[in-house]
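For reference, the structure is listed below as C-alpha coordinates.
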Amino acid sequence: MLTKEAVKEFLIYGSHSKPEFLYRQVHSVLGERFMGSGLVTEHISSLWEAKRSLFNPAFHRSYLKLSMETFNNSTEASMKRLKRMADGKTKVQMLDEFSRLTLDIIAKVGFGFDCESLTKERSKFNDAVTCSLNGCMYFERNFWQKYSLIPEVSTRRKQVKSAIRFLRDFGREIVTKRIQKMNEEKDDRHDILSYILKATNGLKDSSFGMTGVLDEFITFFVAGMETSSVTLTSILFHLSRSEETVKRLKAEVKEVLQDRTFVEYEDLAKLEYLNAVFYFLKQVIKETLRMTPPASATARQCNYDVEVSGYVVPKGCTVAVPFAMGRREEFFSDPLTFKPERFYRTMIEPHTFVPFAVGPRSCIGQQFALMEMKVIMARLLQTFDLRWVPDQSTDFIEEMTAKLKDGGLHYLTICDNDSAENDQL
(Lines give C-alpha, C1' and ligand atoms only; values in the text may rest on other atoms or scores of the structure.)
Protein backbone atom coordinates (compact mmCIF):
# COMPACT_ATOMS: atom_id res chain seq x y z
CA MET A 1 0.00 0.00 0.00
CA LEU A 2 2.61 2.52 -1.16
CA THR A 3 0.51 5.68 -1.14
CA LYS A 4 0.82 9.07 0.51
CA GLU A 5 -2.60 8.52 2.03
CA ALA A 6 -1.35 5.35 3.74
CA VAL A 7 1.62 7.24 5.21
CA LYS A 8 -0.66 9.91 6.61
CA GLU A 9 -3.19 7.46 8.02
CA PHE A 10 -0.83 4.95 9.58
CA LEU A 11 2.18 7.11 10.52
CA ILE A 12 1.38 10.79 10.74
CA TYR A 13 -1.97 10.71 12.48
CA GLY A 14 -0.62 8.43 15.20
CA SER A 15 -3.97 6.70 15.67
CA HIS A 16 -2.71 3.15 15.19
CA SER A 17 -0.45 1.06 17.41
CA LYS A 18 2.76 -0.82 16.80
CA PRO A 19 1.91 -4.54 16.49
CA GLU A 20 3.09 -6.37 19.58
CA PHE A 21 3.85 -9.67 17.83
CA LEU A 22 6.43 -8.09 15.51
CA TYR A 23 8.53 -6.87 18.41
CA ARG A 24 8.49 -10.04 20.46
CA GLN A 25 11.56 -11.23 18.57
CA VAL A 26 13.65 -8.39 20.04
CA HIS A 27 11.83 -8.04 23.38
CA SER A 28 13.36 -11.33 24.51
CA VAL A 29 15.70 -13.75 22.76
CA LEU A 30 15.89 -17.39 23.84
CA GLY A 31 14.15 -16.47 27.08
CA GLU A 32 16.59 -13.63 27.87
CA ARG A 33 15.19 -10.10 28.01
CA PHE A 34 16.94 -8.17 25.21
CA MET A 35 15.44 -4.82 24.11
CA GLY A 36 12.46 -5.38 26.35
CA SER A 37 9.95 -2.53 26.26
CA GLY A 38 12.34 0.15 25.09
CA LEU A 39 11.39 3.22 23.11
CA VAL A 40 11.45 1.31 19.80
CA THR A 41 9.54 -1.76 20.95
CA GLU A 42 6.96 -0.32 23.36
CA HIS A 43 3.54 -0.90 21.76
CA ILE A 44 1.26 0.50 24.47
CA SER A 45 0.67 4.09 23.38
CA SER A 46 0.34 5.66 26.82
CA LEU A 47 3.58 4.08 28.06
CA TRP A 48 5.40 5.00 24.88
CA GLU A 49 4.22 8.63 25.08
CA ALA A 50 5.57 8.92 28.62
CA LYS A 51 8.97 7.58 27.55
CA ARG A 52 9.12 9.77 24.48
CA SER A 53 8.36 12.85 26.56
CA LEU A 54 11.14 11.86 28.94
CA PHE A 55 13.74 11.38 26.20
CA ASN A 56 12.84 14.22 23.83
CA PRO A 57 14.90 16.91 25.62
CA ALA A 58 17.97 14.63 25.58
CA PHE A 59 17.88 14.68 21.78
CA HIS A 60 17.27 18.38 21.38
CA ARG A 61 19.75 20.26 19.21
CA SER A 62 21.17 22.24 22.15
CA TYR A 63 21.85 19.00 24.05
CA LEU A 64 23.34 17.21 21.04
CA LYS A 65 25.61 20.18 20.37
CA LEU A 66 27.47 19.18 23.52
CA SER A 67 28.30 15.84 21.84
CA MET A 68 30.40 17.35 19.07
CA GLU A 69 33.65 16.83 20.97
CA THR A 70 32.89 13.13 21.38
CA PHE A 71 31.92 12.80 17.70
CA ASN A 72 35.25 14.35 16.74
CA ASN A 73 37.45 12.50 19.23
CA SER A 74 35.98 9.11 18.35
CA THR A 75 36.24 9.84 14.62
CA GLU A 76 39.88 10.91 15.03
CA ALA A 77 40.64 7.63 16.81
CA SER A 78 38.99 5.77 13.94
CA MET A 79 41.04 7.71 11.37
CA LYS A 80 44.25 6.72 13.18
CA ARG A 81 43.14 3.11 13.18
CA LEU A 82 42.32 3.21 9.45
CA LYS A 83 45.66 4.83 8.62
CA ARG A 84 47.42 1.67 9.76
CA MET A 85 45.56 -0.22 7.00
CA ALA A 86 45.79 2.49 4.33
CA ASP A 87 48.46 0.97 2.12
CA GLY A 88 46.32 0.71 -1.01
CA LYS A 89 46.54 -3.09 -0.87
CA THR A 90 44.75 -4.16 2.32
CA LYS A 91 41.04 -4.86 1.94
CA VAL A 92 39.16 -2.97 4.64
CA GLN A 93 35.62 -3.98 5.51
CA MET A 94 34.12 -0.57 6.10
CA LEU A 95 30.92 -1.90 7.68
CA ASP A 96 32.99 -3.40 10.50
CA GLU A 97 35.01 -0.19 10.89
CA PHE A 98 31.92 1.99 10.93
CA SER A 99 30.28 -0.36 13.45
CA ARG A 100 33.28 0.01 15.74
CA LEU A 101 33.15 3.79 15.44
CA THR A 102 29.41 4.24 15.92
CA LEU A 103 29.48 1.82 18.86
CA ASP A 104 32.24 3.88 20.46
CA ILE A 105 30.24 7.08 19.95
CA ILE A 106 26.94 5.81 21.35
CA ALA A 107 28.76 4.31 24.37
CA LYS A 108 30.34 7.66 25.22
CA VAL A 109 27.54 10.04 24.23
CA GLY A 110 24.82 7.80 25.59
CA PHE A 111 26.31 6.28 28.73
CA GLY A 112 29.71 7.80 29.34
CA PHE A 113 31.99 4.77 29.03
CA ASP A 114 34.66 3.52 26.64
CA CYS A 115 33.71 0.15 25.14
CA GLU A 116 37.25 -0.14 23.63
CA SER A 117 35.90 -0.95 20.17
CA LEU A 118 38.50 1.36 18.57
CA THR A 119 41.47 0.67 20.81
CA LYS A 120 41.36 -3.11 20.95
CA GLU A 121 41.08 -5.57 18.10
CA ARG A 122 38.64 -7.62 20.15
CA SER A 123 36.32 -5.82 22.54
CA LYS A 124 34.19 -8.00 24.80
CA PHE A 125 31.40 -5.44 24.70
CA ASN A 126 31.58 -5.15 20.91
CA ASP A 127 31.56 -8.94 20.56
CA ALA A 128 28.55 -9.20 22.87
CA VAL A 129 26.55 -6.63 20.85
CA THR A 130 27.39 -8.41 17.58
CA CYS A 131 26.62 -11.86 19.00
CA SER A 132 23.28 -10.69 20.41
CA LEU A 133 22.16 -9.04 17.18
CA ASN A 134 23.18 -11.95 14.98
CA GLY A 135 21.65 -14.46 17.37
CA CYS A 136 18.40 -12.52 17.53
CA MET A 137 17.97 -12.67 13.75
CA TYR A 138 19.24 -16.24 13.35
CA PHE A 139 16.91 -17.85 15.88
CA GLU A 140 13.92 -15.83 14.72
CA ARG A 141 14.42 -16.94 11.12
CA ASN A 142 15.32 -20.48 12.09
CA PHE A 143 12.65 -20.92 14.73
CA TRP A 144 13.09 -24.65 15.34
CA GLN A 145 16.79 -24.19 15.99
CA LYS A 146 15.75 -22.77 19.35
CA TYR A 147 15.07 -26.37 20.35
CA SER A 148 17.70 -28.20 18.31
CA LEU A 149 19.88 -30.77 20.08
CA ILE A 150 22.71 -30.41 17.57
CA PRO A 151 25.84 -29.53 19.63
CA GLU A 152 26.89 -26.57 17.45
CA VAL A 153 23.42 -25.02 17.68
CA SER A 154 23.25 -25.64 21.41
CA THR A 155 26.60 -23.92 21.81
CA ARG A 156 25.40 -20.95 19.79
CA ARG A 157 22.29 -20.64 21.96
CA LYS A 158 24.46 -20.53 25.07
CA GLN A 159 26.70 -17.90 23.50
CA VAL A 160 23.79 -15.64 22.58
CA LYS A 161 22.15 -15.97 26.00
CA SER A 162 25.48 -15.27 27.68
CA ALA A 163 26.08 -12.20 25.48
CA ILE A 164 22.68 -10.71 26.33
CA ARG A 165 23.19 -11.32 30.04
CA PHE A 166 26.63 -9.70 29.81
CA LEU A 167 25.21 -6.56 28.17
CA ARG A 168 22.44 -6.12 30.71
CA ASP A 169 24.74 -6.86 33.67
CA PHE A 170 27.27 -4.41 32.25
CA GLY A 171 24.56 -1.77 31.87
CA ARG A 172 23.30 -2.36 35.41
CA GLU A 173 26.80 -1.83 36.77
CA ILE A 174 27.19 1.45 34.87
CA VAL A 175 23.81 2.76 36.01
CA THR A 176 24.37 1.75 39.64
CA LYS A 177 27.77 3.45 39.79
CA ARG A 178 26.37 6.60 38.18
CA ILE A 179 23.54 6.81 40.72
CA GLN A 180 26.02 6.40 43.57
CA LYS A 181 28.14 9.19 42.13
CA MET A 182 25.09 11.44 41.76
CA ASN A 183 24.31 10.92 45.43
CA GLU A 184 27.87 11.69 46.50
CA GLU A 185 28.78 14.65 44.29
CA LYS A 186 27.54 16.87 41.49
CA ASP A 187 27.50 15.06 38.14
CA ASP A 188 28.33 17.56 35.42
CA ARG A 189 28.38 15.07 32.54
CA HIS A 190 26.10 15.62 29.58
CA ASP A 191 25.46 12.10 28.31
CA ILE A 192 21.99 10.64 27.81
CA LEU A 193 22.21 8.50 30.95
CA SER A 194 22.84 11.58 33.10
CA TYR A 195 19.78 13.21 31.63
CA ILE A 196 17.62 10.14 32.32
CA LEU A 197 18.82 9.87 35.92
CA LYS A 198 18.32 13.56 36.62
CA ALA A 199 14.85 13.49 35.05
CA THR A 200 13.83 10.49 37.18
CA ASN A 201 15.58 11.60 40.37
CA GLY A 202 18.04 8.72 40.25
CA LEU A 203 15.34 6.21 39.21
CA LYS A 204 13.29 6.95 42.31
CA ASP A 205 10.35 7.55 40.00
CA SER A 206 8.49 4.26 40.26
CA SER A 207 7.30 4.47 36.63
CA PHE A 208 10.85 4.13 35.29
CA GLY A 209 13.14 1.76 37.14
CA MET A 210 16.32 -0.20 36.46
CA THR A 211 14.64 -2.64 34.07
CA GLY A 212 13.41 0.27 31.95
CA VAL A 213 16.85 1.88 31.84
CA LEU A 214 18.46 -1.40 30.78
CA ASP A 215 15.86 -1.80 28.02
CA GLU A 216 16.85 1.64 26.73
CA PHE A 217 20.54 0.79 27.21
CA ILE A 218 20.22 -2.10 24.75
CA THR A 219 17.85 -0.18 22.46
CA PHE A 220 20.20 2.77 22.04
CA PHE A 221 23.12 0.51 21.18
CA VAL A 222 21.15 -1.49 18.62
CA ALA A 223 19.59 1.58 17.01
CA GLY A 224 22.56 3.90 17.45
CA MET A 225 25.20 1.57 16.09
CA GLU A 226 23.48 -0.56 13.47
CA THR A 227 21.55 1.97 11.38
CA SER A 228 24.31 4.59 11.21
CA SER A 229 27.07 2.12 10.30
CA VAL A 230 24.92 0.53 7.60
CA THR A 231 24.02 3.93 6.13
CA LEU A 232 27.65 5.07 6.09
CA THR A 233 28.64 1.89 4.27
CA SER A 234 25.86 2.45 1.75
CA ILE A 235 27.09 6.01 1.16
CA LEU A 236 30.51 4.66 0.18
CA PHE A 237 28.86 2.08 -2.06
CA HIS A 238 26.99 4.76 -4.00
CA LEU A 239 29.97 7.12 -4.11
CA SER A 240 32.12 4.34 -5.59
CA ARG A 241 29.97 4.67 -8.73
CA SER A 242 30.14 8.45 -9.01
CA GLU A 243 33.60 10.00 -9.33
CA GLU A 244 32.17 13.47 -9.92
CA THR A 245 30.20 13.31 -6.69
CA VAL A 246 33.35 12.34 -4.79
CA LYS A 247 35.30 15.26 -6.28
CA ARG A 248 32.59 17.71 -5.36
CA LEU A 249 32.35 16.34 -1.84
CA LYS A 250 36.11 16.48 -1.31
CA ALA A 251 36.30 20.04 -2.63
CA GLU A 252 33.50 21.15 -0.35
CA VAL A 253 34.99 19.51 2.74
CA LYS A 254 38.32 21.14 1.97
CA GLU A 255 36.68 24.53 1.53
CA VAL A 256 34.83 24.28 4.85
CA LEU A 257 37.47 22.63 7.05
CA GLN A 258 40.62 23.96 5.38
CA ASP A 259 43.42 22.27 7.37
CA ARG A 260 41.35 21.75 10.51
CA THR A 261 40.69 18.20 11.72
CA PHE A 262 37.98 19.19 14.20
CA VAL A 263 34.50 19.62 12.77
CA GLU A 264 32.73 22.41 14.63
CA TYR A 265 28.99 22.39 15.17
CA GLU A 266 28.77 25.52 13.02
CA ASP A 267 30.49 23.65 10.16
CA LEU A 268 27.62 21.20 9.78
CA ALA A 269 25.29 23.65 8.08
CA LYS A 270 28.10 24.63 5.68
CA LEU A 271 28.60 21.07 4.44
CA GLU A 272 25.93 21.74 1.88
CA TYR A 273 26.37 18.65 -0.25
CA LEU A 274 26.05 16.51 2.84
CA ASN A 275 23.14 18.34 4.40
CA ALA A 276 22.25 21.90 3.42
CA VAL A 277 19.86 22.62 6.27
CA PHE A 278 20.28 21.12 9.74
CA TYR A 279 16.66 20.08 10.00
CA PHE A 280 16.40 18.43 6.59
CA LEU A 281 18.26 15.58 5.04
CA LYS A 282 19.95 16.76 1.90
CA GLN A 283 21.72 15.37 -1.10
CA VAL A 284 24.30 12.62 -0.49
CA ILE A 285 22.98 11.36 2.82
CA LYS A 286 19.39 11.89 1.80
CA GLU A 287 19.85 10.24 -1.60
CA THR A 288 21.51 7.25 0.05
CA LEU A 289 18.59 6.91 2.44
CA ARG A 290 16.17 7.20 -0.47
CA MET A 291 17.80 4.43 -2.47
CA THR A 292 18.99 2.10 0.27
CA PRO A 293 17.25 2.84 3.58
CA PRO A 294 18.75 0.77 6.43
CA ALA A 295 15.32 -0.34 7.64
CA SER A 296 12.90 -1.89 5.17
CA ALA A 297 9.59 -0.86 6.71
CA THR A 298 7.62 0.05 9.77
CA ALA A 299 4.28 -1.44 10.74
CA ARG A 300 1.07 -0.47 12.47
CA GLN A 301 -1.92 -2.42 13.76
CA CYS A 302 -5.27 -0.88 12.84
CA ASN A 303 -7.20 0.28 15.86
CA TYR A 304 -10.38 0.75 13.80
CA ASP A 305 -11.72 0.00 10.32
CA VAL A 306 -10.22 2.46 7.87
CA GLU A 307 -10.48 3.12 4.12
CA VAL A 308 -7.23 4.11 2.45
CA SER A 309 -6.75 4.62 -1.29
CA GLY A 310 -9.91 2.67 -2.07
CA TYR A 311 -9.09 -0.28 0.20
CA VAL A 312 -10.89 -1.08 3.43
CA VAL A 313 -8.49 -2.24 6.14
CA PRO A 314 -10.33 -3.97 9.01
CA LYS A 315 -9.60 -3.31 12.65
CA GLY A 316 -6.86 -5.61 13.96
CA CYS A 317 -5.01 -5.94 10.65
CA THR A 318 -1.29 -5.23 10.49
CA VAL A 319 -0.15 -2.83 7.78
CA ALA A 320 3.48 -2.48 6.67
CA VAL A 321 4.59 0.91 5.36
CA PRO A 322 7.79 0.32 3.35
CA PHE A 323 10.56 2.90 3.39
CA ALA A 324 11.20 2.02 -0.27
CA MET A 325 8.65 4.58 -1.43
CA GLY A 326 11.62 6.65 -2.59
CA ARG A 327 12.26 4.09 -5.33
CA ARG A 328 8.85 4.60 -6.92
CA GLU A 329 8.89 6.30 -10.32
CA GLU A 330 5.70 8.24 -9.67
CA PHE A 331 7.44 10.00 -6.80
CA PHE A 332 11.02 10.31 -8.09
CA SER A 333 12.19 10.45 -11.69
CA ASP A 334 14.84 7.90 -12.69
CA PRO A 335 14.53 6.38 -9.19
CA LEU A 336 17.24 3.71 -9.52
CA THR A 337 19.96 6.24 -10.37
CA PHE A 338 21.99 7.89 -7.62
CA LYS A 339 21.39 11.63 -8.07
CA PRO A 340 22.13 13.66 -4.93
CA GLU A 341 21.32 16.88 -6.78
CA ARG A 342 17.65 15.90 -6.90
CA PHE A 343 17.42 17.12 -3.28
CA TYR A 344 19.24 20.41 -3.79
CA ARG A 345 16.72 23.14 -3.00
CA THR A 346 14.02 21.00 -4.53
CA MET A 347 10.61 20.57 -2.99
CA ILE A 348 10.01 16.86 -2.53
CA GLU A 349 6.41 15.76 -2.52
CA PRO A 350 5.35 15.30 1.10
CA HIS A 351 5.08 11.80 2.56
CA THR A 352 7.07 10.14 -0.25
CA PHE A 353 10.43 10.06 1.53
CA VAL A 354 10.29 8.70 5.08
CA PRO A 355 13.58 6.92 5.98
CA PHE A 356 13.22 7.86 9.65
CA ALA A 357 9.46 7.38 9.55
CA VAL A 358 7.20 10.38 10.21
CA GLY A 359 4.61 11.35 12.74
CA PRO A 360 4.76 10.99 16.52
CA ARG A 361 6.76 7.73 16.35
CA SER A 362 9.44 9.01 14.00
CA CYS A 363 13.02 8.16 14.95
CA ILE A 364 14.01 10.17 18.01
CA GLY A 365 17.70 9.83 17.13
CA GLN A 366 17.61 11.10 13.56
CA GLN A 367 19.40 14.40 14.31
CA PHE A 368 21.97 12.51 16.39
CA ALA A 369 22.58 10.17 13.45
CA LEU A 370 22.85 13.00 10.92
CA MET A 371 25.35 14.96 13.01
CA GLU A 372 27.39 11.81 13.59
CA MET A 373 27.41 10.80 9.92
CA LYS A 374 28.38 14.28 8.73
CA VAL A 375 31.38 14.44 11.05
CA ILE A 376 32.51 10.95 10.05
CA MET A 377 32.08 11.50 6.31
CA ALA A 378 33.80 14.89 6.36
CA ARG A 379 36.85 13.52 8.13
CA LEU A 380 36.94 10.33 6.06
CA LEU A 381 36.92 12.27 2.78
CA GLN A 382 39.46 14.73 4.13
CA THR A 383 41.87 11.97 5.18
CA PHE A 384 41.59 9.12 2.67
CA ASP A 385 41.13 8.13 -0.91
CA LEU A 386 39.03 4.99 -1.07
CA ARG A 387 38.80 2.51 -3.89
CA TRP A 388 36.04 -0.08 -4.14
CA VAL A 389 37.30 -3.68 -4.21
CA PRO A 390 35.92 -4.83 -7.59
CA ASP A 391 35.44 -8.56 -6.97
CA GLN A 392 33.03 -8.27 -4.05
CA SER A 393 29.28 -8.73 -4.13
CA THR A 394 27.08 -5.69 -4.68
CA ASP A 395 24.05 -7.49 -3.25
CA PHE A 396 22.26 -6.23 -0.18
CA ILE A 397 21.06 -8.72 2.41
CA GLU A 398 18.22 -8.22 4.86
CA GLU A 399 19.15 -8.95 8.44
CA MET A 400 18.10 -6.58 11.19
CA THR A 401 18.90 -3.93 8.58
CA ALA A 402 19.58 -3.98 4.84
CA LYS A 403 23.35 -4.11 4.40
CA LEU A 404 25.96 -4.98 1.78
CA LYS A 405 26.62 -8.72 1.73
CA ASP A 406 30.43 -8.35 1.80
CA GLY A 407 30.45 -5.38 4.16
CA GLY A 408 31.67 -2.76 1.67
CA LEU A 409 35.31 -3.71 1.06
CA HIS A 410 37.62 -0.82 0.11
CA TYR A 411 41.30 -0.19 -0.47
CA LEU A 412 42.45 2.90 1.45
CA THR A 413 45.31 5.30 0.82
CA ILE A 414 46.20 8.48 2.69
CA CYS A 415 44.74 11.43 0.85
CA ASP A 416 47.14 13.69 -1.00
CA ASN A 417 45.45 17.03 -0.44
CA ASP A 418 47.62 18.77 -3.00
CA SER A 419 46.59 16.48 -5.82
CA ALA A 420 43.33 16.52 -7.72
CA GLU A 421 44.04 13.12 -9.20
CA ASN A 422 43.34 11.05 -6.09
CA ASP A 423 39.62 11.58 -5.90
CA GLN A 424 38.38 8.19 -6.99
CA LEU A 425 36.40 6.31 -4.41
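Numbering of residues begins at 1 and proceeds along the displayed sequence.
- Summarising the geometry of Thr261 relative to Gln382, their closest heavy-atom pair is CA-OE1, 4.1 Å, with the distance given to 0.1 Å.
- Of the residues listed (Tyr63, Phe220, Tyr195, Trp48), the one engaging Phe55 in a ring-ring contact (aromatic ring centres under 6.0 Å, His included) is Phe220, and it is the only one.
- If you check the side chains of Thr130 and Asp127, you find no donor sitting under 3.5 Å from an acceptor.
- In this structure, CG on Leu11 lies 9.5 Å from NE2 on His16, to the nearest 0.5 angstrom.
- For Glu372, the salt bridge (charged side-chain N to carboxylate O under 4.0 Å, His left out) test picks out no residue, with sequence neighbours left out.
- Phe98 is listed as a side-chain neighbour of Ile376, based on a closest heavy-atom distance under 4.5 Å.
- Taking the side chain as every heavy atom from C-beta outward, Lys315 and Asn303 never approach each other to under 4.5 Å.
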Self-check item: Test side chain to side chain donor-acceptor pair (under 3.5 Å) applied to Ser99 and Asp96, step by step
Solution: CA-CA 5 Å; Ser99 294; Asp96 179 62; 5.8 Å; no
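- For Tyr411 and Phe384, the ring centers sit 6.0 Å or farther from each other.
- Stacking of Arg290 on the aromatic ring of Phe332 is recorded, both the 6.0 Å distance cut-off and the 45° axial limit being met.
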Quiz item: Would Lys339 and Arg342 satisfy side chain to side chain contact (heavy atoms under 4.5 Å, CB included), going step by step from the backbone distance to the final call?
Solution: CA-CA 6 Å; Lys339 293 181 179 180; Arg342 76 171 78 240; 3.7 Å; yes
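- Ring centroid separation for the pair Phe368 and Phe71 comes in under the 6.0 Å cut-off.
- With hydrogens and angles left out, the side-chain atoms of Thr318 and Arg300 include no donor and acceptor closer than 3.5 Å.
- A salt bridge links Lys403 with Glu226: the closest approach of a Lys/Arg side-chain nitrogen to an acidic carboxylate oxygen falls below 4.0 angstrom.
- A salt bridge links Lys247 with Glu243: the closest approach of a Lys/Arg side-chain nitrogen to an acidic carboxylate oxygen falls below 4.0 angstrom.
- A distance of 10.5 Å separates CD in Glu9 from CD in Glu307, rounded to the nearest 0.5 Å.
- Considering only heavy atoms from C-beta on, Leu380 comes within 4.5 Å of Leu386 through its side chain.
- Applying the side chain to side chain donor-acceptor pair (under 3.5 Å) test to residues at least two apart or on different chains, the pairs with a partner in residues 77-86 are Arg81-Glu97, Arg81-Glu121.
- Checked against the 6.0 Å centroid criterion, the rings of Phe396 and Phe237 qualify as a close aromatic pair.
- Between Lys374 and Asp267 there is no salt bridge, since no side-chain nitrogen of the basic residue lies less than 4.0 Å from a carboxylate oxygen of the acidic one.
- Between Lys91 and Asp391 there is a salt bridge, with a side-chain nitrogen of the basic residue lying less than 4.0 Å from a carboxylate oxygen of the acidic one.
- Here CZ of Phe139 is found 8.5 Å from OG of Ser148. Values are rounded to the nearest 0.5 Å.
- Between Glu42 and Lys51 there is a salt bridge, since at least one side-chain N of the basic residue sits less than 4.0 Å from a carboxylate O of the acidic one.
- Inter-residue side-chain proximity for Arg61 and Gln367 is flagged as unmet; no heavy-atom pair is nearer than 4.5 Å.
- One finds the OG1 atom of Thr292 at 3.0 Å from the NE2 atom of His238 (value rounded to the nearest 0.5 Å).
- Electrostatic pairing of Asp104 and Lys108 counts as a salt bridge here, judged by a charged N lying under 4.0 Å from a carboxylate O.
- In this structure, Thr75 OG1 and Ile105 CD1 are separated by 4.5 Å, a value rounded to the nearest 0.5 Å.
- Residue pairs meeting the ring-ring contact (aromatic ring centres under 6.0 Å, His included) criterion with at least one partner in residues 116-138, sequence neighbours excluded, are Phe113-Phe125, Phe125-Phe170, Phe125-Phe221.
- A distance of 11.0 Å separates OG in Ser132 from CZ in Arg168, rounded to the nearest 0.5 Å.
- Looking at heavy atoms from C-beta onward, Phe353 lies in side-chain contact with Leu289 at the 4.5 angstrom threshold.
- The heavy-atom pair separating Asp395 from Ser393 by the smallest distance is N-OG, 3.0 Å.
- Counting only heavy atoms from C-beta outward, the side chains of Val375 and Met68 approach each other to under 4.5 Å.
- A salt bridge is defined here as a Lys NZ or Arg NE, NH1 or NH2 lying under 4.0 Å from an Asp or Glu carboxylate O, and Glu116 with Arg100 fails to meet this definition.
- For Trp388 and His410, the gap between ring centers is short of 6.0 Å.
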